2 protein chains.
Amino acid sequence: MEYEQLKLGNQVCFPIYAASRLITRAYQPLLDQLGLTYPQYLVLLVLWETDEVSVNDISENLILNTNTVTPLLKRMETQGLINRNRSNSDERRVIISLTKKGNDLKEQAATIPQQLLEKLDVSELDLHEIIDLRDKLNRLIDAIRN
Amino acid sequence: MEYEQLKLGNQVCFPIYAASRLITRAYQPLLDQLGLTYPQYLVLLVLWETDEVSVNDISENLILNTNTVTPLLKRMETQGLINRNRSNSDERRVIISLTKKGNDLKEQAATIPQQLLEKLDVSELDLHEIIDLRDKLNRLIDAIRN
DNA sequence: GTCGATTATATCGCACACGATTTAAATATA
DNA sequence: TATATTTAAATCGTGTGCGATATAATCGAC
């Protein structure tokens, strides 16, 4: 029996899964120069926008579980990128803040998005399609999260 | 200094990464009923289309490295879903074939795509947007792979 | 025909990613 | 105010995912 809905080429999930890994691979050589992995880079993006947030804030922003974020943050602490401190007002919370090293990386990271687009050879014309793609995905994400 | 290009909301990569994980999470309860993980399900999709392919064929179809696929296939062999046999014509190649159990799962899996759409509450109208999304992503994937 | 290059797969080490569970602190409610 | 509930992080176990490297078979150039 042949099922059209089971063909790899008809899946929506698979292109998202594959694109995600391909883009992460494309980022890696650029991030290597800063000594970062892609999830670590995402954590820094959050902190560069708002310093001193809780573990929970980070896991919600990145849509990751705390059992993924906790060890990720511990590795970043070991690397001297962030500090982890218990909140005084609520002893359950751990507040993440940037070290000087973590903050200084921002300048170097600023060129990464442009470098990535060049690497992927995205022209001005394609950029509209990319942005449309981003917005469609964000609507999909909102829909899934309810 | 504030950099617009470093804001999480302006990233293209992040929605793809987040959507990928959210969709995998949505699949998991459905796949649990078949005792499969999402990558294992993808391997079966390939084999249900074409039985008896090499490790390399699978890794190219799924855009995964062989060092990811080899242990994945070993676990599937342990579960009795597939067989792994050296090719006679080329002793370097390992040919993957479905067992009866692996083949029989196809019937049960046939309802999964529809169940997922219902779970994500995708209406007929949204379906066009989803398909457009799929096609855009596939063009992006082709562009990245050159 | 032989030896260096290429190809197919496997091994190793490390970093996610997540479901299930645990621990401790804060909050709600009787 | 004592206790049940909720909330915030952490811990545990398993399964990817990938860069670097190894191994063995095949191919290619001479």
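None of these values were measured; they are calculated from a predicted model.
- Note: CZ (A:Arg93) to P (C:dA26) measures 11 Å, nearest angstrom.
- Within the structure, every side-chain polar atom (N or O) of A:Thr66 is placed at least 4.0 Å from both OP1 and OP2 of D:dA9.
- Judged purely by atom type and a 3.5 angstrom limit, B:Trp48 uses its side chain to pair as donor or acceptor with the backbone of B:Gly102.
- Panel note: side chain B:Thr66, backbone B:Val69; no donor-acceptor pair is recorded below 3.5 Å.
- Taking atom CD of residue B:Gln79 and atom C1' of nucleotide D:dG15, one finds them 11 Å apart after rounding to whole Å.
- One atom, CD1 of A:Ile95, and another, P of D:dA10, lie 11 Å apart when rounded to the nearest Å.
- Considering only heavy atoms from C-beta on, A:Lys106 stays 4.5 Å or farther from B:Met1 through its side chain.
- Between the side chain of B:Asn65 and the backbone N or O of B:Asn67, no donor-acceptor pair lies under 3.5 Å.
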Please list, pair by pair, any protein nitrogen or oxygen found under 3.5 Å from a nitrogen or oxygen in nucleotides 23-26 of chain D.
{"from": "D:dT26", "atom 1": "OP1", "to": "B:Glu91", "atom 2": "N", "distance (Å)": "3.1"}

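- Remark: side-chain polar atoms of A:Asn138 are paired, donor with acceptor, to backbone N or O of A:Arg134 under 3.5 angstrom.
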For residues 9-17 of chain B, run the donor-acceptor check on the side chains, cut-off 3.5 Å, and write out each pair with its distance to 0.1 Å, sequence neighbours left out.
{"from": "B:Asn10", "atom 1": "ND2", "to": "B:Glu4", "atom 2": "O", "distance (Å)": "2.8"}
{"from": "B:Asn10", "atom 1": "ND2", "to": "B:Glu4", "atom 2": "OE1", "distance (Å)": "3.3"}
{"from": "B:Gln11", "atom 1": "NE2", "to": "B:Gln5", "atom 2": "O", "distance (Å)": "2.7"}
{"from": "B:Gln11", "atom 1": "NE2", "to": "B:Lys7", "atom 2": "O", "distance (Å)": "3.2"}

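- Put simply, A:Arg84 has a side-chain N or O that comes within less than 4.0 Å of OP1 or OP2 on D:dA10.
- Rounded to whole Å, the distance from CG on A:Asn56 to P on C:dA25 is 17 Å.
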List the protein contact pattern of nucleotides 14-21 of chain C with one symbol per nucleotide (5' to 3'): B for base contact, S for sugar-phosphate-only contact, - for none; contact means a heavy-atom distance under 4.0 Å.
-> -SSBBBB-

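- Distances shown here put every side-chain N or O of B:Lys74 at or beyond 4.0 Å from the OP1 or OP2 atom of D:dT16.
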